[in-house]
Amino acid sequence: MRLRFAPSPTGYLHIGNARTALFNYLLAKKHQGRFILRIEDTDIARSKKEFEAGIIEDLRWLGLNWDEGPDKGGDFGPYRQSERLKTYQEFAEKLLKENKAYHCYCTKEELDQRNKELLARKESPRYDNRCRNLSDEQKKKYLEEGRKPVIRFKIPEKTIEVNDLIRGKVSFDTKLMGDFIIMKSDGKPAFNFAVVVDDILMRITTVIRGEDHLSNTPRHIMLFEALNSKIPEFAHMAMTMGPDGSRLSKRHGATSIREYRKLGMLPEALFNYLALLGWGSKKDQEIFTKEELIKEFSLERCKEGAAIFDPEKLTWMNGLYIRKKKPQELAKLSIPYLEEKGLREKEDYLIKVIALERERIKKLSEIPDLIEYFLVEKIKFSPEALLLSKKPEVKEILTSLKQELENLSDFSAASLEKIIREWTKNNGLKTKDVFHPLRVAITGRTIGPGLFETMEVLGKEKVIQRLMEVLC
RNA sequence: GGCCCCAUCGUCUAGGGGUUAGGACGGGUGGUUCUCAGCCAUCAAGCAGGGGUUCGAAUCCCCUUGGGGCUACCA
């Protein structure tokens with residue numbers, strides 16, 4: 001079994017495309033097949049090398065490792081369309097010779113004009129196949145006019161049945177289609193042609209792609225037939241939508257893997273979440289390891305309807321995966337985010353801090369704000385915290401508590417808890433009337449991890465220091 | 001416009017002739033606790049509409065509606 005993911009390097013890896021790549025990957029791995037990466041860069045104007053590199057990086061980051069691709073080669077390369085231009089020409093030549101394709105001299109302007117007229121008459125805008133049987137004389141005349149021909153495929157009249165692995169049989173009547181372009185006037189292959197040639201040459205057996213290609217599939221099938229090649233199996237998965245139900249796009253906010261990666265999503269969370277978009281297990285299970293997904297995945301269980309990408313559920317799942325990570329791992333992952341905010345800290349201290357805050361982290365990008373008060377010399381007070389710290393009765397409590405703490409030599413959480421609870425009781429106070437002000441004084445905020453653990457990690461010196469600052 | 005695909009809580013989904021229509025996210029409430037988070041418990045929320053078929057339809061068929069796609073010298 002050979003499957004491929006074939007992105008165009010015209011931008012960063014889109015969530016929807018990543019999902020397509022993921023499904024291809026899962027099926028390939030499930031059947032011990034090959035997962036192949038192919039770069040469709042025939043659109044020179046929009047394709048950029050940096051996007052190709054970006055897509056490769058993000059696919060790797062997500063954990064979708066391919067067996068053959070432009071970066072690692074393989075027996076059926078090249079894996080970049082721009083490197084097979086000659087091949088497309090040869091295949092087109094062959095179709096021309098066999099009278100299955102022909103040159104068309106109509107200009108873009110003429111075509112547009114005719115389509116407009118057809119539309120005005122409420123007819124289907126499509127090519128009228130007028131160049132199918134041009135005389136040599138006419139061809140010569142057109143050439144003399146300086147027209148650069150395209151090559152069109154001569155569509156046979158028939159009904160094409162696509163046996164889709166997700167949707168079942170879908171049939172198309174080719175009478176409704178005009179002869180389509182396989183080679184553009186600049187000598188580059190049109191998408192519908194390049195895909196077929198590539199899939200033939202790369203021995204692709206199964207094509208999993210977006211539903212937007214379903215309507216193109218009859219064209220592909222005709223081409224496979226014209227080129228006497230085995231037709232691969234097709235599976236068209238429903239599109240990924242934004243919250244308003246339209247195709248997920250930039251106006252919905254972050255749409256690329258790169259953006260979510262920068263936000264601090266873990267690859268395993270994204271992997272798991274994306275697998276659940278349009279596919280579901282028969283069990284009530286939602287959290288899967290990569291291996292479980294490979295084992296469980298099947299096209300039969302793929303949904304036919306479109307799925308709306310839900311960043312909130314992704315975030316929840318990300319929090320879950322974060323809580324499963326070891327503090328030292330998280331500490332390492334947090335470093336770029338801390339540095340971005342100009343924060344830097346010794347590893348062992350950072351690990352302790354992160355261990356305390358771990359269950360509050362939903363995205364790595366939240367870490368700096370969450371732990372800042374552990375790292376900086378001068379803490380910021382939230383408005384609410386500031387108000388509380390100014391209260392006379394609070395100052396009174398903190399003043400005498402400070403003395404108590406100054407005399408304390410064992411600053412462990414257990415010891416602190418024992419002493420402070422006793423002190424509270426002895427002074428006839430309620431725990432929350434002591435704990436809360438204390439937290440506010442030493443952290444500048446009203447929320448956070450356990451008070452005594454926080455104090456232990458901060459250390460006696462910082463705790464006393466911060467109490468002094470509040471009291472003066 | 002023509003052709004094609006799709007339709008279970010707000011969202012992701014399970015269920016494919018007989019179910020109190022199940023779970024998850026998000027939301028509400030309560031518990032745990034020094035706060036938050038987490039965890040636990042609990043509640044609200046759905047078969048798009050209309051016709052068939054059938055003893056019986058979320059489930060099968062048709063229509064309508066709604067959404068999406070293709071119809072490019074984009075991919």
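All heavy atoms count here, side chains included; hydrogens, waters and symmetry mates do not. To find a chain, count down the sequence lines: A is the first, B the second, and so on, and within it residues start at 1.
Heavy-atom distances to RNA chain B give each of A:N216 and A:I308 a nearest nucleotide, and the one nearer the 5′ end belongs to A:I308.
Counting non-hydrogen atoms of other residues, nucleotides and ligands closer than 6.0 Å to CD of A:E225 gives a total above 12.
Here side-chain hydrogen bond (donor to acceptor under 3.5 Å, both in side chains) pairs that include residues 297-313 of chain A, with residues two or more places apart or in two chains, are A:E286-A:K313. Sorted by first and then second residue, the side-chain hydrogen bond (donor to acceptor under 3.5 Å, both in side chains) pairs involving residues 315-325 of chain A (not counting sequence neighbours) are A:E268-A:K325, A:N272-A:Y321, A:K325-A:E329. For residues 13-23 of chain A, the pairs satisfying side-chain hydrogen bond (donor to acceptor under 3.5 Å, both in side chains) are A:R19-A:T240, with sequence neighbours left out. Within the structure, no pair that satisfies the side-chain hydrogen bond (donor to acceptor under 3.5 Å, both in side chains) test touches residues 422-434 of chain A, not counting sequence neighbours.
Across every strand in view, B:A41 sits in a pair with B:U29 that passes the Watson-Crick or G-U test at under 3.5 angstrom. Summarising the base pairing, B:G18 is matched to B:C55 through a Watson-Crick or G-U wobble pair whose two defining distances lie under 3.5 Å. Across all strands shown, the partner of B:A24 is B:U11, judged by Watson-Crick or G-U wobble contacts whose two distances both fall under 3.5 Å. In this structure, B:C3 and B:G69 make a Watson-Crick or G-U wobble pair, each of the two defining distances being under 3.5 angstrom.
Put simply, A:R147 has no side-chain N or O that comes within less than 4.0 Å of OP1 or OP2 on B:C73. Close to B:A75, at under 4.0 Å from its OP1 or OP2, lies no side-chain N or O of A:T10. Between A:K184 and B:C74 there is a side-chain N or O to OP1 or OP2 distance below 4.0 Å. For the OP1/OP2 pair of B:C39 and a distance below 4.0 Å, the side-chain nitrogens and oxygens of A:R323 include at least one atom meeting the criterion.
Between A:Y260 and A:F309, the ring centre distance stays below 6.0 Å.
Across all strands shown, A:C302 has no heavy atoms under 4.0 Å from either base or sugar-phosphate atoms. Contact annotation for A:R301: backbone-only contact, meaning every heavy-atom pair under 4.0 Å involves sugar-phosphate atoms and none involves a base.
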Could you go over nucleotides 66-69 of chain B and give all protein N or O partners under 3.5 Å, atom names and distances?
residue: B:G69; atom: O2'; partner: A:D212; partner atom: O; Å: 3.4
residue: B:G69; atom: N2; partner: A:S215; partner atom: OG; Å: 3.2

Got a list of protein N/O to nucleotides 46-48 of chain B N/O distances below 3.5 Å?
none

Detail all sub-3.5 Å separations between protein N/O atoms and N/O atoms belonging to nucleotides 26-30 of chain B.
none

What are the atom names and distances for every N/O pair under 3.5 Å that joins the protein to nucleotides 33-36 of chain B?
residue: B:C34; atom: OP1; partner: A:R421; partner atom: NH1; Å: 3.3
residue: B:C34; atom: OP1; partner: A:R421; partner atom: NH2; Å: 3.1
residue: B:C34; atom: O2; partner: A:R439; partner atom: NH2; Å: 2.6
residue: B:C34; atom: N3; partner: A:L451; partner atom: N; Å: 3.1
residue: B:U35; atom: O2'; partner: A:T446; partner atom: O; Å: 3.2
residue: B:U35; atom: O2; partner: A:T446; partner atom: O; Å: 3.4
residue: B:U35; atom: O2; partner: A:G448; partner atom: N; Å: 2.8
residue: B:U35; atom: O2; partner: A:G448; partner atom: O; Å: 3.3
residue: B:U35; atom: N3; partner: A:R439; partner atom: NH2; Å: 3.2
residue: B:U35; atom: N3; partner: A:G448; partner atom: O; Å: 2.4
residue: B:U35; atom: O4; partner: A:G448; partner atom: O; Å: 3.3
residue: B:U35; atom: O4; partner: A:P449; partner atom: O; Å: 3.3
residue: B:U35; atom: O4; partner: A:G450; partner atom: N; Å: 3.4
residue: B:C36; atom: O2; partner: A:R360; partner atom: NH1; Å: 2.1
residue: B:C36; atom: O2; partner: A:G448; partner atom: O; Å: 3.4
residue: B:C36; atom: N3; partner: A:R360; partner atom: NH1; Å: 2.7
residue: B:C36; atom: N3; partner: A:G448; partner atom: O; Å: 3.3

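Using a 4.0 Å cut-off on heavy atoms, the residues of residues 161-182 of chain A that approach RNA chain B are A:R167, A:V170, A:S171, A:F172, A:L176, A:I181, listed by number.
The pair A:R251-A:D244 meets the salt-bridge criterion, since a charged nitrogen lies less than 4.0 angstrom from a carboxylate oxygen. Ion pairing between A:R114 and A:E117 fails under the 4.0 Å rule for side-chain N and carboxylate O. Remark: A:R38 engages A:D199 in a salt bridge, criterion side-chain N to carboxylate O under 4.0 Å. Salt bridge A:E145/A:R147: present, at least one basic N to carboxylate O contact under 4.0 Å.
Remark: side-chain polar atoms of A:S256 are not paired, donor with acceptor, to backbone N or O of A:L13 under 3.5 angstrom. The closest donor-acceptor contact from the side chain of A:R84 to the backbone of A:P78 lies under 3.5 Å.
Annotation: side chain of A:T10 is not in contact with side chain of A:K48 (no heavy-atom distance under 4.5 Å). Side-chain atoms of A:I322 and A:K362, non-hydrogen and from C-beta on, never get closer than 4.5 Å to each other.
When the nucleotides B:A24, B:C73, B:A75 are ranked by their closest atom to the side chain of A:T42, B:A75 comes out on top. Of the candidates B:A14, B:A24, B:C73, the closest approach to any side-chain atom of A:V150 belongs to B:C73. Considering only the side chain of A:S8, B:A75 comes nearest among B:C73, B:U13, B:A75.
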Could you pull out all donor-acceptor pairs under 3.5 Å where a side-chain atom in residues 160-173 of chain A meets a protein atom, sequence neighbours excluded?
residue: A:D164; atom: OD1; partner: A:I166; partner atom: N; Å: 2.8
residue: A:D164; atom: OD1; partner: A:R167; partner atom: N; Å: 2.9
residue: A:D164; atom: OD1; partner: A:H236; partner atom: N; Å: 3.4
residue: A:D164; atom: OD2; partner: A:H236; partner atom: N; Å: 3.0
residue: A:D164; atom: OD2; partner: A:H236; partner atom: ND1; Å: 2.7
residue: A:R167; atom: NE; partner: A:H236; partner atom: O; Å: 3.0
residue: A:R167; atom: NH2; partner: A:H236; partner atom: O; Å: 2.9
residue: A:D173; atom: OD1; partner: A:K175; partner atom: N; Å: 3.1

Check: residues 180-193 of chain A side-chain donor-acceptor pairs under 3.5 Å, at least two apart:
residue: A:D186; atom: OD1; partner: A:K188; partner atom: N; Å: 2.9
residue: A:N192; atom: OD1; partner: A:H220; partner atom: NE2; Å: 2.8

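Here A:Y337 pairs with nothing under the ring pair (Phe, Tyr, Trp, His ring centres under 6.0 Å) rule; sequence neighbours left out.
Regarding A:I221, its CD1 atom lies at a distance of 13 Å from the C1' atom of B:C4, rounded to whole Å.
Remark: the separation of the P atoms in B:A21 and B:A58 is 10 Å, to the nearest Å.
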